[in-house]
Amino acid sequence: QVQLVESGGGLVQAGDSLILSCAASGRTFSTSAMGWFRQSPGKERVLVAAITSSGRNTFYADSVKGRFTISRDNAKTTTYLQMNTLKPEDTAVYYCAARSSDTIVAVKSWYDYWGQGTQVTVSS
């Protein structure tokens, strides 16, 4: 069992940066692939970035590639999403998710544990 708590969201202006954190509790964090999803009103929840347990493998959606960086600190059982050069279209609720296995997938139903979400709003 893994519990996830996101933090770090807020209201920023276009071009600003934010870092989201996802604190995990549970024994399986160090062997779990982690992902950050986002969902805008009326849209599907989509994968933004993901990382394997060792941090060696990562995935980024095309829309955030070069601007966002996912990382993790297994000693602190925390996953981060550094978001730079934010755009109004990045506005969404951001969710942290964990898999029971250590492979990166984009299908949200294959993630077993979810945080409550944190709102990111980017004004133009």
Side-chain angles (χ1 to χ4, degrees):
Q1 187 78 10
V2 177
Q3 294 181 322
L4 306 172
V5 178
E6 302 100 332
S7 61
L11 172 63
V12 297
Q13 293 187 330
D16 285 351
S17 297
L18 271 179
I19 183 164
L20 305 182
S21 299
C22 173
S25 62
R27 295 178 299 163
T28 61
F29 176 82
S30 62
T31 60
S32 299
M34 301 294 297
W36 282 99
F37 286 75
R38 69 185 181 189
Q39 186 169 20
S40 304
K43 294 188 176 181
E44 290 288 317
R45 189 175 300 187
V46 296
L47 182 67
V48 172
I51 188 168
T52 53
S53 63
S54 67
R56 279 195 290 267
N57 295 311
T58 57
F59 164 86
Y60 296 96
D62 288 343
S63 58
V64 306
K65 207 170 288 185
R67 299 187 298 123
F68 289 13
T69 302
I70 189 171
S71 62
R72 64 191 292 163
D73 185 334
N74 287 341
K76 296 182 179 179
T77 64
T78 301
T79 306
Y80 304 97
L81 186 67
Q82 174 71 49
M83 304 186 294
N84 298 329
T85 319
L86 283 161
K87 304 176 181 180
E89 50 264 43
D90 294 318
T91 295
V93 177
Y94 284 72
Y95 296 90
C96 176
R99 297 201 68 209
S100 296
S101 66
D102 196 23
T103 53
I104 291 175
V105 296
V107 181
K108 60 182 183 292
S109 61
W110 288 16
Y111 285 77
D112 303 287
Y113 307 101
W114 292 86
Q116 81 288 351
T118 185
Q119 176 71 46
V120 172
T121 304
V122 185
S123 64
S124 57

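Remember, it's a predicted structure, so these values are computed and weren't measured experimentally. No hydrogens, no waters, no symmetry mates; every other heavy atom, side chains included, goes into these values.
For Lys87, there are no salt bridge (Lys or Arg N to Asp or Glu O under 4.0 Å) partners, not counting sequence neighbours. By the salt bridge (Lys or Arg N to Asp or Glu O under 4.0 Å) test, Lys43 is found to be paired with no residue, residues two or more places apart in sequence or in another chain being considered.
Contact record, Ser32 with Thr28: OG-O, 2.7 Å, taken as the closest heavy-atom pair.
Side-chain contact, Thr121 with Gln119: a donor N or O sits under 3.5 Å from an acceptor N or O. Judged purely by distance below 3.5 Å, without hydrogens or angles, the side chains of Ser30 and Asn74 never pair a donor atom with an acceptor atom. At a cut-off of 3.5 Å, with distance as the only test, a side-chain donor of Ser53 or Asp102 sits close to an acceptor on the other residue. Between the side chains of Arg99 and Thr103, at least one donor-acceptor pair of N or O atoms lies under 3.5 Å. Defined by atom type and a distance below 3.5 Å, a donor-acceptor pair is present between the side-chain atoms of Ser100 and Asp112.
Formation of a donor-acceptor pair under 3.5 Å by the Thr58 side chain with backbone atoms of Ala50 is not found in this model. The main-chain N or O of Cys96 is found under 3.5 Å from a side-chain atom of Glu6 such that the two form a donor-acceptor pair. In this structure a side-chain-to-backbone donor-acceptor pair under 3.5 Å is present from Ser123 to Val12. No donor-acceptor pair under 3.5 Å is formed between the side chain of Ser63 and the backbone N or O of Ala61.
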**Message:** Run Leu11 and Val120 through side chain to side chain contact (heavy atoms under 4.5 Å, CB included) and show every step you take.
**Reply:** CA-CA 6 Å; Leu11 172 63; Val120 172; over 6 Å; no

**Prompt:** Should Ser71 and Met34 be marked as a side chain to side chain contact (heavy atoms under 4.5 Å, CB included) after you check the CA-CA gap, both sets of side-chain angles, and the distance that decides it?
**Reply:** CA-CA 9 Å; Ser71 62; Met34 301 294 297; over 6 Å; no

**Item:** Verdict with reasoning, Arg38 to Val93, per side chain to side chain contact (heavy atoms under 4.5 Å, CB included)
**Value:** CA-CA 5 Å; Arg38 69 185 181 189; Val93 177; over 6 Å; no

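Distance check: Arg67 CZ to Asp90 CG gives 4.0 Å after rounding to the nearest 0.5 Å. Expressed to the nearest 0.5 Å, how far OG of Ser40 lies from CZ of Arg45 amounts to 11.5 Å. Atom OG of residue Ser21 and atom CG of residue Asp73 lie 10.5 Å apart, to the nearest 0.5 angstrom.
Each of Phe59, Tyr95, Trp114 was checked for a ring-ring contact (aromatic ring centres under 6.0 Å, His included) with Phe37, and the lone residue meeting it is Trp114.
Side-chain contact between Leu86 and Leu18: present, with at least one pair of heavy atoms (C-beta onward) separated by less than 4.5 Å. Looking at heavy atoms from C-beta onward, Ile104 lies in side-chain contact with Thr52 at the 4.5 angstrom threshold. Residues Thr79 and Ile70 have side chains in contact (heavy-atom distance under 4.5 Å, counting atoms from C-beta outward). For the pair Met83/Thr69, no side-chain contact is recorded, criterion being any heavy-atom separation below 4.5 Å from C-beta on. Proximity of Leu47 to Tyr111: side-chain heavy atoms (C-beta onward) are separated by under 4.5 Å at one or more points.
Residue-environment remark: CD (Gln116) exceeds the threshold of 12 foreign heavy atoms within 6.0 Å.
Cluster membership for Val64 and Val105, using ILVMFWY side-chain heavy atoms within less than 4.5 angstrom, is not shared. Residues Tyr80 and Val2 do not share a hydrophobic cluster, defined by chaining ILVMFWY side chains whose heavy atoms lie under 4.5 Å apart.
Ring pair Tyr94/Phe68 is tilted by interplanar angle, where 30° to 60° counts as tilted.
Both tests hold for Arg72 against Phe29: distance to the six-membered ring centre under 6.0 Å, angle to the ring axis within 45°.
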